[in-house]
Amino acid sequence: MCGIVGVVSTAPVNQLIYDALLLLQHRGQDAAGIVTQQERKFFMHKAKGMVRDVFRTRNMRALPGTVGLGQVRYPTAGNAYSEEEAQPFYVNAPFGIVLVHNGNLTNAQALRAELFSTDHRHTNTESDSEVLLNVFAHELERATRGVPLQVEDVFNAVAAVHRRVKGSYAVIALIAGHGLLAFRDPHGIRPMCLGRSADGTVMVGSESVALEGTNHVFERDVQPGEAVFITPDGTVHARQCAQAPQLNPCIFEFVYLARPDSVLDGISVYQARLNLGEALAKRVVSTVPPNEIDVIIPIPESSRPSATQLAHLLGIPYREGFVKNRYVGRTFIMPGQGVRKKSVRQKLNVIASEFKGRNVLLVDDSIVRGTTSREIVQMARDAGARKVYLASAAPPVRYPNVYGIDMPTSNELVAHGRTVEEIRQAIGCDALIYQDVNAMKKAVGSLNGGIEGFDASCFDGVYVTGDITAQDIARLNEGRIGKEEQQEEDTSRLALPNAQDA
């Protein structure tokens with residue numbers, strides 16, 4: 001999961017891209033990069049770190065031009081510790097192309113071999129985004145065959161990319177002197193939308209909040225399989241480039257990843273989370289009698305809408321019992337489990353008066369590895385709670401995700417191979433309530449009847465691209481990020497046992 005943005009304007013775009021990346025910072029905190037174009041020359045700055053740390057005044061001054069793109073990175077493949085794998089990526093032929101990518105290619109290894117042996121192109125990193133760039137560059141070169149670039153050539157190249165590439169990909173690319181290209185994979189797994197400002201500036205980005213927060217009017221989502229090409233004068237060309245597109249957005253975007261003030265594929269993220277809370281209420285009542293719950297407390301921050309709706313429907317007081325330190329990054333998207341475990345108590349502090357002597361229902365958006373959940377349950381007990389119940393607005397995460405979310409190996413997923421009772425014991429709560437898979441899909445899908453289904457593979461094990469086997473998952477995990485940290489000994493007294501030890 002990353003955040004990407006692209007802009008075509010008649011005014012300098014460096015500050016605009018910077019502001020949009022700040023609005024997408026929740027999608028990646030590992031690295032950030034911006035490329036701008038003046039005439040036919042690219043200007044690039046990228047580095048590891050948060051947007052505000054990567055770009056200083058001197059860096060911004062060195063990014064002239066009225067067209068550009070940017071990315072905030074959350075690594076799920078390649079090397080999280082390499083500056084070289086920060087995006088954008090660049091190739092000089094044909095024409096000169098820079099590219100940013102949100103997603104994960106499931107056939108990157110095979111493509112890398114094809115690029116070397118058949119296409120005679122070189123990749124210099126382990127990033128699947130560099131593979132994707134070189135596949136597109138090769139197909140664009142084949143489409144043009146040495147003649148001046150036409151818009152149809154760009155669309156034909158994207159169609160060829162769809163035929164070769166598997167997995168999830170929302171892409172923005174800049175072709176020097178010709179224009180800005182945006183396209184989504186044929187399943188629309190990762191989001192992408194388009195908008196325009198009053199002065200005619202055109203912006204494409206991962207979430208609507210990036211557009212609206214920079215005074216652009218949201219126009220529409222880029223459709224699965226569709227390519228949008230914006231020429232330097234702001235003219236927008238669009239074409240469906242996939243043979244059988246089908247909208248199957250990642251449901252975890254609505255559960256956790258996206259900002260609540262975004263609208264993705266016609267669905268308000270905030271309303272989706274309210275609906276998840278409503279569906280969860282039925283599960284809670286069937287597990288814990290409401291009169292045995294004194295207070296409902298969300299685990300900040302993504303769970304707040306679900307917890308609010310749950311409390312309203314059950315008639316139980318809603319309270320804030322945890323204060324979040326906003327200067328610590330999102331634990332879920334920190335590369336490496338070692339860093340993740342150490343940060344929980346730095347990230348949250350309890351308001352003891354809300355717990356003391358009470359039966360507390362904690363509400364979280366999801367439970368992935370379980371280490372954070374166990375730590376938080378213990379914090380509630382330490383603050384004096386009599387009983388601690390835990391409800392998850394999402395179903396058990398039982399399967400690895402291969403489309404760009406850091407849910408890689410089964411052994412790291414607390415729900416894999418365990419019953420709900422075994423998970424409850426591992427986390428240490430008095431009762432554990434999970435959302436139902438079908439109820440989750442219905443709660444979110446009811447907000448847009450045009451959605452044909454969701455990628456919910458981490459919950460139901462169904463991979464919408466249809467090309468994933470157990471061997472593929474094992475191979476993808478070989479290239480996962482953070483291996484150095486995960487091999488470190490975990491000294492936390494609250495560390496969960498590995499699945500094979502349970």
Side-chain angles (χ1 to χ4, degrees), residues 2-75 81-92 95-102 124-125 127 129-130 133 171-182 195-207 209-216 230-234 327 329:
C2 301
I4 58 177
V5 64
V7 180
V8 175
S9 182
T10 56
V13 295
N14 53 351
Q15 185 65 51
L16 183 55
I17 295 172
Y18 176 93
D19 293 343
L21 291 181
L22 284 177
L23 292 164
L24 295 173
Q25 185 75 85
H26 61 287
R27 298 188 67 84
Q29 301 170 3
D30 175 71
I34 292 176
V35 165
T36 58
Q37 177 190 298
Q38 189 174 52
E39 296 176 349
R40 287 182 179 270
K41 186 175 181 181
F42 291 139
F43 299 85
M44 181 188 299
H45 180 68
K46 61 180 182 177
K48 285 180 60 63
M50 306 275 273
V51 174
R52 65 173 182 263
D53 299 319
V54 169
F55 298 100
R56 303 294 186 179
T57 301
R58 65 182 180 276
N59 307 128
M60 297 297 288
R61 287 175 176 165
L63 294 169
T66 58
V67 182
L69 48 73
Q71 191 225 35
V72 287
R73 181 185 186 226
Y74 154 62
Y81 308 101
S82 171
E83 292 261 350
E84 293 181 359
E85 295 199 8
Q87 296 186 35
F89 280 107
Y90 164 74
V91 291
N92 67 352
F95 308 107
I97 305 170
V98 287
L99 175 144
V100 289
H101 164 219
N102 173 30
N124 202 49
T125 71
S127 172
S129 302
E130 189 186 16
L133 168 60
V171 174
I172 302 174
L174 188 55
I175 305 172
H178 292 281
L180 188 81
L181 170 69
R196 197 184 303 263
S197 70
D199 66 2
T201 296
V202 181
M203 177 181 284
V204 288
S206 295
E207 294 185 31
V209 68
L211 279 58
E212 294 161 353
T214 53
N215 295 317
H216 291 73
I230 307 157
T231 55
D233 64 0
Y327 301 99

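Only a predicted model underlies this, so the values are computations on that prediction, with no experimental measurement involved. FYI, the numbering just counts along the sequence from 1.
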Q) Are any of the side-chain heavy atoms of N14 and I34 separated by less than 4.5 Å? A)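 No - every pair of side-chain heavy atoms lies 4.5 Å or more apart.
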Q: Report yes if some heavy atom in the side chain of Q37 is under 4.5 Å from a heavy atom in the side chain of V98; otherwise report no.
A: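 A side-chain contact under 4.5 Å is absent here.
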Under 3.5 Å donor-acceptor pairs involving side-chain atoms of residues 53-71, not counting sequence neighbours:
{"from": "N59", "atom 1": "OD1", "to": "R56", "atom 2": "N", "distance (Å)": "2.8"}
{"from": "Q71", "atom 1": "NE2", "to": "Q87", "atom 2": "OE1", "distance (Å)": "3.3"}
{"from": "Q71", "atom 1": "NE2", "to": "H101", "atom 2": "O", "distance (Å)": "3.2"}

**Q.** Audit row: V7, M203, side-chain contact (heavy atoms from CB on, under 4.5 Å) steps and yes/no
**A.** CA-CA 5 Å; V7 180; M203 177 181 284; 3.7 Å; yes
Q) With distance as the sole test, does S197 use its side chain to make a donor-acceptor pair with the main-chain N or O of T201 at under 3.5 Å? A)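 Yes, S197 side chain to T201 backbone: donor-acceptor pair under 3.5 Å.
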Q. Is there a donor-acceptor pair closer than 3.5 Å between any side-chain N or O of K46 and the backbone N or O of P88?
A.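 Here the side-chain-to-backbone pair exists.
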Q: Could you walk me through whether K48 and E85 pass the side-chain contact (heavy atoms from CB on, under 4.5 Å) test, one step at a time?
A: CA-CA 9 Å; K48 285 180 60 63; E85 295 199 8; over 6 Å; no
Residues in side-chain hydrogen bond (donor to acceptor under 3.5 Å, both in side chains) contact with [X], at least two apart in sequence or another chain:
X: Q38; answer: none
X: E130; answer: T125
X: N215; answer: none

Q: Under the ring-ring contact (aromatic ring centres under 6.0 Å, His included) rule, collect the residues that match up with F89, sequence neighbours excluded.
A: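 Scan of F89 (ring-ring contact (aromatic ring centres under 6.0 Å, His included), adjacent residues dropped) gives none.
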Q | By ring-ring contact (aromatic ring centres under 6.0 Å, His included) - contacts of Y18 (at least two apart) | A |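 Residues passing ring-ring contact (aromatic ring centres under 6.0 Å, His included) with Y18: none at all.
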[X] versus [Y], closest heavy-atom pair with distance:
X: V5; Y: I172; answer: C-CD1, 3.4 Å
X: A32; Y: V51; answer: CB-CG2, 4.1 Å
X: A31; Y: A86; answer: CB-CB, 3.8 Å
X: S206; Y: C2; answer: OG-O, 3.9 Å
X: A210; Y: A20; answer: CB-O, 4.2 Å
X: V171; Y: L99; answer: CG1-CD1, 3.5 Å

Supply the atom-to-atom distance [X] [atom1] to [Y] [atom2], rounded to the nearest 0.5 angstrom.
X: R73; Y: I4; atom1: CZ; atom2: CD1; value: 14.0 Å
X: F95; Y: L174; atom1: CZ; atom2: CG; value: 13.0 Å
X: R52; Y: L22; atom1: CZ; atom2: CG; value: 9.0 Å
X: L21; Y: M50; atom1: CG; atom2: CE; value: 12.0 Å

Q: Would you please name every residue forming a side-chain contact (heavy atoms from CB on, under 4.5 Å) with T231, sequence neighbours left out?
A: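 For T231, the residues satisfying side-chain contact (heavy atoms from CB on, under 4.5 Å) (neighbours in sequence not counted) are F229, D233, T235, H237.
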**Q.** Pair L23-D19, side-chain contact (heavy atoms from CB on, under 4.5 Å): steps then yes or no
**A.** CA-CA 7 Å; L23 292 164; D19 293 343; 5.6 Å; no
Q: Start with the C-alpha distance between L180 and V202, add both sets of side-chain angles, then the distance that settles side-chain contact (heavy atoms from CB on, under 4.5 Å), and finish with yes or no.
A: CA-CA 10 Å; L180 188 81; V202 181; over 6 Å; no
